[in-house]
Amino acid sequence: MVWLNGEPRPLEGRTLKEVLEELGVELERVAVLLNEEAYPGSELPHHILREGDVVEVVALMQGG
Amino acid sequence: MDTWKVGEEELKSRLILGSGKFKDFGVMREAIAAAGAEVVTVSVRRVELKAPGHVGLLEALKGVRLLPNTAGAKTAEEAVRLARLGRVLTGERWVKLEVIPDPTYLLPDPLETLKAAEILLEEGFTVLPYMGPDLVLAKRLAALGTATVMPLAAPIGSGWGVRTRALLELFARERASLPRWWWTRGLAFPPMQRRCWSWGWTPSW
């Protein structure tokens, strides 16, 4: 399983970018934490998802 | 023009606004313009993956400097993670550090705040920590090299006005040995703001 925003999903073998695009994420507006490494959504590494990967997709929101 | 500095950043307005609790983006934009605020704080939150709709916050905040915060962090580790993500999202190196484990009174955790500040400073961040009105902690943070200290005037969202005045007086007395400081929270309405100015203090919330 891959942990995506806190939920386990069977995404092994697919690329991170492909998965996020399929979910309709606007990559230029988000940042992605992949196993504790932060990337701009528009500069994702070519990463094939593996068992145990932890992915967090975040954006700026109102608050504070 | 009278200016002040936060780390390396030179600012004209002494008012830093939050971006939360506005009815809509239109009201938020009007408030920012009316206040003349140059800097607005924003939070970093998980995208809703079931409906990742276009929010439009960046467009609504065009023309102001963004100050990402670590709202939602309960530990130093979480705060550091959010700060790194905020840097990626805004391109800014400064961060309003908030580490709040307690959901009832929203009080900041002094030990985790100190720990997070140390890590973030090592990573080159300009750190603006939110904290209780504790002069000892303020001096510890100052010794690490935070750009500001930000003692609370009353619990977040209480609208109680300044309830920690005696402790804040100590901050005022020790001004020379502290980094730039401002205080925050719990200030309900403009008359309170004016009273703060009459004491020579600069409020922010």
Side-chain angles (χ1 to χ4, degrees), chain A, chain B residues 16-25 27-28 39-61 66-72 77-78 80-92 95-98 100 123 128 130 156 184-185 204-205:
Chain A
M1 286 289 165
V2 171
W3 290 85
L4 179 59
N5 279 12
E7 286 181 16
R9 298 191 187 214
L11 298 168
E12 297 91 335
R14 307 186 56 197
T15 73
L16 177 58
K17 190 174 174 199
E18 166 189 286
V19 165
L20 297 184
E21 281 174 345
E22 195 175 288
L23 285 165
V25 174
E26 290 180 87
L27 291 177
E28 66 283 2
R29 291 176 175 277
V30 301
V32 175
L33 194 73
L34 170 62
N35 300 330
E36 294 299 317
E37 201 64 47
Y39 301 95
S42 54
E43 294 169 30
L44 289 179
H46 180 75
H47 178 82
I48 297 167
L49 292 165
R50 289 186 295 259
E51 168 70 28
D53 275 349
V54 179
V55 180
E56 292 282 335
V57 186
V58 301
L60 294 178
M61 305 275 173
Q62 283 175 284
Chain B
I16 292 179
L17 276 183
S19 57
K21 304 251 171 87
F22 290 104
K23 188 181 74 179
D24 55 46
F25 287 160
V27 172
M28 180 176 73
V39 181
V40 172
T41 60
V42 286
S43 63
V44 174
R45 294 292 166 97
R46 270 182 182 165
V47 169
E48 181 53 69
L49 290 173
K50 291 188 182 86
H54 179 79
V55 180
L57 179 64
L58 283 178
E59 286 79 1
L61 291 175
L66 300 179
L67 170 58
N69 63 44
T70 62
E77 190 187 350
E78 288 173 9
V80 168
R81 195 180 289 140
L82 286 168
R84 289 175 185 150
L85 289 163
R87 177 157 72 178
V88 164
L89 284 164
T90 61
E92 297 281 3
V95 61
K96 178 167 173 256
L97 175 60
E98 307 178 34
I100 302 178
E123 293 186 12
L128 291 64
Y130 165 62
I156 296 178
T184 184
R185 303 299 189 182
S204 157
W205 63 95

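Within every chain, numbering begins at 1; the chains are lettered A, B, ... in the order of the sequence lines, protein sequences first and strands thereafter.
Taking each heavy atom of A/A31 and B/L89 in turn, the nearest pair found is N-CD2, 3.4 Å. Between A/G63 and B/S19, the shortest heavy-atom contact is N-OG, 2.9 Å.
Counting only heavy atoms from C-beta outward, the side chains of A/L33 and B/R81 approach each other to under 4.5 Å. Counting heavy atoms from C-beta on, the side chains of A/E36 and B/V80 never come closer than 4.5 Å. The closest side-chain heavy-atom distance from A/Q62 to B/L57 is below 4.5 Å.
Within a 6.0 Å radius of CD in B/E92, other residues, nucleotides and ligands contribute more than 12 heavy atoms.
Neither the backbone nor the side chain of A/E43 has a heavy atom closer than 4.5 Å to any heavy atom of chain B. With a 4.5 angstrom heavy-atom cutoff, B/L61 does not touch chain A via any of its atoms.
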One pair to check against side chain to side chain contact (heavy atoms under 4.5 Å, CB included): B/L82 and A/E56. What are the steps and the verdict? CA-CA 11 Å; B/L82 286 168; A/E56 292 282 335; over 6 Å; no
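Look at A/R29 and B/E59 and you find a salt bridge, because one of the NZ, NE, NH1 or NH2 atoms lies within 4.0 Å of a carboxylate O, short of that distance.
Comparing B/N69, B/L85, B/T70, B/V42 by heavy-atom pairs within less than 4.5 Å of chain A, the highest count is held by B/L85.
The distance from the CZ atom of B/R45 to the CG atom of A/N5 is 13.0 Å, given to the nearest 0.5 Å.
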